[in-house]
Amino acid sequence: MSFRGLRAFREKKQAKSLVVVPASSGSVNDDTPSDLPPPPPEKPGFRYDLPASMELKVVPGKGRAIFSTVSSKPGSALFFHRPRVVILSTPNIPRYCSYCCAELVTKRCSACRTVWYCDLACQKWDWALHQSECECLKRVRTLSSDQENPSIPPDAVRCLARISFAKVKYGLNSGTAKELDSLHSLKGALSQSAQTSHAQLAHALVQYLGAEAPTDLKKYGICSAGDLVDLISKFSTNTHTLTTPNLTQIGLAVSPALSLFNHSCEPNAVLVFPGSPRGDKSSPSMQLVCIRDINPGDEIVISYVDTTLPYDRRRAQLKDAYGFDCVCPLCQRSENQLHVDPRAATYCPARCGGIAFLPTPDKPYVECTTCKKRAPTEAEAIGDALRIGQEALDKVTALQDSDPAYAAKIAANIISLLTSAGMTNGSHPLLGLLRSHHYLLTTSLPLSEDHQKLLDDTIRTAVRVLQGLLEVLPFGHPIRAVHFSELGMLCATDETASNIPGRSQPTNEKVFPPTGAARLQLAINYLIEARKELLIAFGIKMEGGDVGKKVRETLIQLEAEMGIWKEGVKTAWKEQVADHPKR
Ligand SMILES: [Zn+2]
Ligand SMILES: [Zn+2]
Ligand SMILES: [Zn+2]
Ligand SMILES: [Zn+2]
């Protein structure tokens, strides 16, 4: 049986982290866009582009908030928007188009020899902002000790520069500039660590812009040190993570209109980049999608942090980066211990399927909230496991690109430690370690010698990640939806020759994942679930985004394969009967 198409798809995806930077010679099409037509004109006036179904209000004690004037069901697209500025993180510059963020690049700017585009059209549209950026990047190259591989400033610095270029390009009194200036600033309410990092950013930005005297910054509307701090503060609290349609994080996006939505750890909407329709040459589109029922008058809220994290970590991140104490329903339930949050829980000691609060020094036992079975546990031991788990997760995250084999080893060891301590798959830091381990196994698949064993290990880890995600995220959450599709694709990946039809092998129902037709059926089941969730996560109108469309195509292909498989088994069976006629 052949799943060549699927394998190619998976390999392309897996190869992402191994992509080699294209050489600067011959096949590369370098172009200077100096004589290209100007970009589209800027619309006059300042507006937020909000749809009629939304209302901007100022709530006393809370500030700006967006309310819905209509009812919306999960999967409905609430707001389609193109960010004002997008920037790729440094390792992604040679991999993605700097304008539309598509993955196939063919052209590099011949002047700075740094940014890449998928074609001339993208290069042309991007020139409006890249023109000034190009000068900065050329200067970085000239000043670098290694001119072939200069160290490009981080995405935050390049993003701030692009915001400044946009203001100059359209004029300091233009709608774009006013919209960017309208971003909320935390200046004055910053933590010490934020203040230090902002000072470093300010220094790097001034250097990147090539400003030698404070007056050089006037053209960007920066007339004092206070203005500079303000710009950086606005930037820090108002950027969104730029992702591919399958949620790979590739850079930063700035959209003042989308920054108006407030935070909740239990959001009723999500921001995604579902992918653009074919041939649509534009900056990537952001889509706000409803994932929980919204009624007229409800505030539309998104999450600023990873909602798989437990109460204390979410709150610490929100306080540090955004300066507020979250009072969302999930945080309130956790604070008042009204329910066991699976993000911080252990399984029932009697394995009834229920979960229990983590033990504390006051309550040094685990009591199942379902069957009420109580087991004494050293609160200290659980505390140690959590601390070791967190240290391991930090280490794995830091090492996953530089030393993936070592990172995978740490992850595997600490996962078994936390599992034997009774932690739930959805609990932190176990879920984080499982997700990292899954990523590391997936990226090592094309390199492995014992492919079949590693593939099966990867599927088993992916299933545990899924169990964890199902515990902590609602139906139709993008992370859940994309993970379902990844698991389905993994199960659909080619097995080794021993599993081809006609060559029967002993079947053991207890072995997971199964082989042959059962595995193919498993892939189909996961992909059917993936499709249902993707239609919510990325919007029904968008057909579940690029991932949703891919899953649909794969399902059609797999169902055809399933038919061939059944035919193959029938033929093999007939041949076997013919070879060994009944005695
Ligand atoms: Zn492009
Ligand atoms: Zn350039
Ligand atoms: Zn909260
Ligand atoms: Zn129980």
Side-chain angles (χ1 to χ4, degrees), residues 24 28-34 36 62 87-88 93-94 97-99 105 107-117 120 122-142 150 152-153 158 161-162 165 208 262-268 299 301-336 338-357 365-375 377 422 424 472-474:
S24 60
V28 172
N29 192 346
D30 278 3
D31 267 297
T32 309
S34 54
L36 293 170
K62 190 172 179 179
I87 206 94
L88 295 167
I93 295 175
C97 174
S98 273
Y99 186 64
V105 289
K107 283 180 171 294
R108 190 178 61 169
C109 172
S110 61
C112 62
R113 294 193 284 143
T114 305
V115 300
W116 286 79
Y117 299 101
L120 188 64
C122 277
Q123 188 173 19
K124 193 163 75 180
W125 291 114
D126 195 44
W127 188 242
L129 293 187
H130 180 63
Q131 192 171 14
S132 307
E133 182 184 54
C134 197
E135 292 304 316
C136 298
L137 291 169
K138 278 197 285 188
R139 194 168 37 245
V140 166
R141 195 174 281 278
T142 314
I152 310 293
R158 287 180 289 112
R162 273 218 169 205
F165 302 147
Y208 180 57
N262 286 323
H263 164 88
S264 167
C265 305
E266 222 168 42
N268 52 19
E299 185 181 356
V301 279
I302 57 174
S303 178
Y304 298 173
V305 292
D306 179 356
T307 52
T308 65
L309 294 173
Y311 170 76
D312 51 344
R313 295 197 77 85
R314 291 195 313 268
R315 301 211 5 136
Q317 281 188 9
L318 289 166
K319 184 78 183 170
D320 192 51
Y322 303 95
F324 67 86
D325 293 309
C326 189
V327 289
C328 79
L330 180 64
C331 285
Q332 284 184 1
R333 288 201 304 273
S334 292
E335 193 171 345
N336 301 321
L338 292 180
H339 80 150
V340 193
D341 185 353
R343 296 164 182 86
T346 66
Y347 285 117
C348 162
R351 295 276 180 255
C352 81
I355 56 173
F357 284 105
Y365 52 84
V366 171
E367 186 181 340
C368 175
T369 46
T370 308
C371 72
K372 308 291 171 200
K373 169 92 183 163
R374 191 185 277 197
T377 306
T424 58
V472 299
L473 296 177

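Atoms within each ligand, like the ligands themselves, are counted from 1 in listed order. We're numbering straight along the sequence, starting at 1.
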Practice prompt. Answer yes or no: is there an ion pair linking R162 with E133, defined by an N-O contact shorter than 4.0 Å?
Written response: yes
Problem set entry | Aromatic ring pairing Y304/F324, orientation class (parallel under 30°, perpendicular over 60°, tilted between) | perpendicular
_Between R314 and C326 (side chain of the first, backbone of the second, donor and acceptor by atom type, cut-off under 3.5 Å), is there such a pair?_
no
Separation between OG1 (T308) and CZ (R343), nearest 0.5 Å, reads 7.5 Å
Those residues at least two apart in sequence (or on a different chain) that pass side-chain hydrogen bond (donor to acceptor under 3.5 Å, both in side chains) with R333 are E266
Practice item. Just do the side-chain contact (heavy atoms from CB on, under 4.5 Å) check on Y208 and R158 with the steps written out, would you? Key: CA-CA 8 Å; Y208 180 57; R158 287 180 289 112; 3.6 Å; yes
Row for the Zn ion (ligand 4): angle SG (C368) to SG (C371), 10° precision, value 110°
At a cut-off of 2.8 Å, protein N/O/S around the Zn ion (ligand 3) gives C265 SG, C326 SG, C328 SG, C331 SG
Sorted by chain and residue number, the salt bridge (Lys or Arg N to Asp or Glu O under 4.0 Å) partners of R351 (sequence neighbours excluded) come out as none
Q: Please confirm whether the backbone N or O of V301 pairs with a side-chain atom of N262, one donor and one acceptor, at under 3.5 Å?
A: no
- Query: Passes side chain to side chain donor-acceptor pair (under 3.5 Å), D126 versus Y117? Steps please.
  - Reply: CA-CA 9 Å; D126 195 44; Y117 299 101; 2.5 Å; yes
| request: Output, in order, the C-alpha distance, side-chain angles, deciding distance and verdict of side-chain contact (heavy atoms from CB on, under 4.5 Å) for H339 and S334. | output: CA-CA 7 Å; H339 80 150; S334 292; 4.2 Å; yes
So the protein N/O/S atoms within less than 2.8 Å of the Zn ion (ligand 2) come down to C109 SG, C112 SG, H130 NE2, C134 SG
